[in-house]
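Hydrogens, waters and symmetry mates play no part in the numbers below; they use all other heavy atoms, side chains included.
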Amino acid sequence: MSPIIIDYTPFYYTSIVGTPIPTVTIGKFVQIRNGNTLYLVLSPKEFTKYHANIVERFCMDKGIEGSYNAKRDKFTITDQAWQIVGGGKFERDANKKAIKLYDNSMAYGKFDTTGLREMLGAFPEFSGYATIIEG
């Protein structure tokens, strides 16, 4: 499995709000799979309120078609090659060098914990971080 992390935190704080990234960030994440590639997409709670908003943003950035359901609480990717695995919440503390992944997504269900700790440890932005996975 080839993992890719997409973190909207720097974009939100530096480009949209125009402030430094806080040492503690809280938000939501989704896991999206396409073949052997697994995307872990993180977004601060102030930028995307719902997991569906994260999926929509990811699709807009990647040029992938999708749409909301009638209640607008779930964004579905049209191309069946893409699968939304699940989602949850995260808390990252840069001072303590720790990231916690927990909870689930009402729209997409529980995230897949398989190999997640090793995956995060392989990314330079989480090098040396303690990874706490609840679930």
Side-chain angles (χ1 to χ4, degrees):
M1 181 79 43
S2 174
I4 296 174
I5 191 163
I6 296 174
D7 187 356
Y8 290 121
T9 305
F11 170 73
Y12 173 73
Y13 285 105
T14 59
S15 297
I16 295 178
V17 181
T19 63
I21 299 169
T23 41
V24 176
T25 54
I26 298 169
K28 295 184 177 189
F29 72 92
V30 292
Q31 293 169 310
I32 302 173
R33 180 177 289 124
N34 184 339
N36 287 329
T37 304
L38 179 67
Y39 294 85
L40 180 65
V41 187
L42 302 154
S43 184
K45 64 181 181 177
E46 299 89 352
F47 185 48
T48 48
K49 187 173 180 180
Y50 301 108
H51 289 97
N53 304 136
I54 301 171
V55 175
E56 177 190 28
R57 180 67 193 215
F58 173 84
C59 289
M60 283 182 355
D61 290 349
K62 297 285 184 191
I64 303 166
E65 290 189 27
S67 61
Y68 278 99
N69 62 359
K71 289 179 17 181
R72 293 197 56 82
D73 62 354
K74 189 172 186 177
F75 191 87
T76 304
I77 300 173
T78 306
D79 185 343
Q80 297 298 310
W82 292 89
Q83 175 195 9
I84 303 164
V85 177
K89 295 177 183 171
F90 76 89
E91 292 178 23
R92 177 177 29 204
D93 188 325
N95 286 338
K96 293 181 181 177
K97 293 191 81 105
I99 183 163
K100 179 170 105 173
L101 304 176
Y102 62 100
D103 211 0
N104 62 27
S105 164
M106 296 296 285
Y108 305 109
K110 184 74 178 156
F111 60 96
D112 184 0
T113 61
T114 308
L116 194 53
R117 185 179 318 278
E118 296 77 16
M119 180 193 312
L120 281 171
F123 293 113
E125 52 265 70
F126 295 111
S127 177
Y129 270 63
T131 304
I132 301 134
I133 298 174
E134 294 178 359

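- Note that the CD1 atom of Ile54 and the OH atom of Tyr8 stand 9.0 Å from one another [nearest 0.5 Å].
- In this structure, CZ on Arg72 lies 9.5 Å from OG on Ser67, to the nearest 0.5 angstrom.
- Of all the heavy atoms in Cys59 and Phe75, the pair that sits closest is SG-CE2, 3.8 Å.
- Residue-environment remark: CG (Asn36) stays at or below the threshold of 12 foreign heavy atoms within 6.0 Å.
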Inset, instruction - Give the intermediate values and the outcome of side chain to side chain contact (heavy atoms under 4.5 Å, CB included) for residues Arg57 and Val41. - result: CA-CA 10 Å; Arg57 180 67 193 215; Val41 187; over 6 Å; no
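- Summarising the geometry of Phe29 relative to Leu42, their closest heavy-atom pair is CB-CD2, 3.6 Å, with the distance given to 0.1 Å.
- In this structure, Met119 and Pro3 approach most closely via the heavy-atom pair CG-CB, 3.4 Å.
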Inset, instruction - Show the numbers, then the answer: is there a side chain to side chain contact (heavy atoms under 4.5 Å, CB included) between Leu40 and Leu120? - result: CA-CA 9 Å; Leu40 180 65; Leu120 281 171; 3.6 Å; yes
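- In this structure, Trp82 and Tyr39 have tilted ring planes: the angle between them lies in the 30° to 60° band.
- A salt bridge does not link Asp79 with Lys62: every distance from a Lys NZ or Arg NE/NH1/NH2 to an Asp or Glu carboxylate oxygen is 4.0 Å or more.
- Ring pair Tyr12/Phe47 is tilted by interplanar angle, where 30° to 60° counts as tilted.
- Within 6.0 Å of NZ on Lys110 lie more than 12 heavy atoms contributed by other residues, nucleotides or ligands.
- Across every non-hydrogen atom of Asn104 and His51, the tightest pair is O-CE1, 3.8 Å.
- Residues Val17 and Phe11 are members of one and the same hydrophobic cluster, defined by side-chain heavy-atom contacts under 4.5 angstrom among Ile, Leu, Val, Met, Phe, Trp and Tyr.
- Side-chain contact check for Lys74 versus Ile84: every heavy-atom pair is 4.5 Å or farther apart.
- Linking ILVMFWY residues whenever their side-chain heavy atoms come closer than 4.5 Å, directly or via other members, leaves Val24 and Ile99 in distinct clusters.
- Rounding to the nearest 0.5 Å gives a distance of 6.5 Å between CZ of Arg33 and CG of Asp112.
- Tyr50 and Val30 end up in different hydrophobic clusters when Ile, Leu, Val, Met, Phe, Trp and Tyr side chains are linked at under 4.5 Å.
- By the rule that hydrophobic residues join a cluster once side-chain heavy atoms approach within less than 4.5 Å of another member, Leu101 and Ile26 end up as members of separate clusters.
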Inset, instruction - Begin from the C-alpha positions of Ile77 and Ile32 and carry the test side chain to side chain contact (heavy atoms under 4.5 Å, CB included) through to its verdict. - result: CA-CA 10 Å; Ile77 300 173; Ile32 302 173; 4.2 Å; yes
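- The shortest non-hydrogen separation linking Tyr129 to Asp93 is CE2-O, 4.0 Å.
- Taking hydrophobic clusters as Ile, Leu, Val, Met, Phe, Trp and Tyr residues chained together by side-chain heavy-atom distances below 4.5 Å, Ile5 does not share a cluster with Ile21.
- Atom OG1 of Thr131 sits about 8.0 Å away from atom CZ of Phe126, to the nearest 0.5 Å.
- Residues Asp73 and Met106 have side chains not in contact (no heavy-atom distance under 4.5 Å, counting atoms from C-beta outward).
- Taking CD1 of Ile16 as the start and CD of Glu46 as the end, the distance is 11.0 Å to the nearest 0.5 Å.
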Inset, instruction - With side chain to side chain contact (heavy atoms under 4.5 Å, CB included) as the test, would you mind laying out the steps for Phe123 and Ile4 before giving the verdict? - result: CA-CA 9 Å; Phe123 293 113; Ile4 296 174; 5.6 Å; no
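- Judged purely by distance below 3.5 Å, without hydrogens or angles, the side chains of Glu91 and Tyr102 pair a donor atom with an acceptor atom.
- For the atom pair Phe58 CZ and Thr48 OG1, the distance stands at 13.5 Å (nearest 0.5 Å).
- For Lys28 (side chain) and Lys49 (main-chain N/O), a donor-acceptor pair under 3.5 Å exists by modelled atom type.
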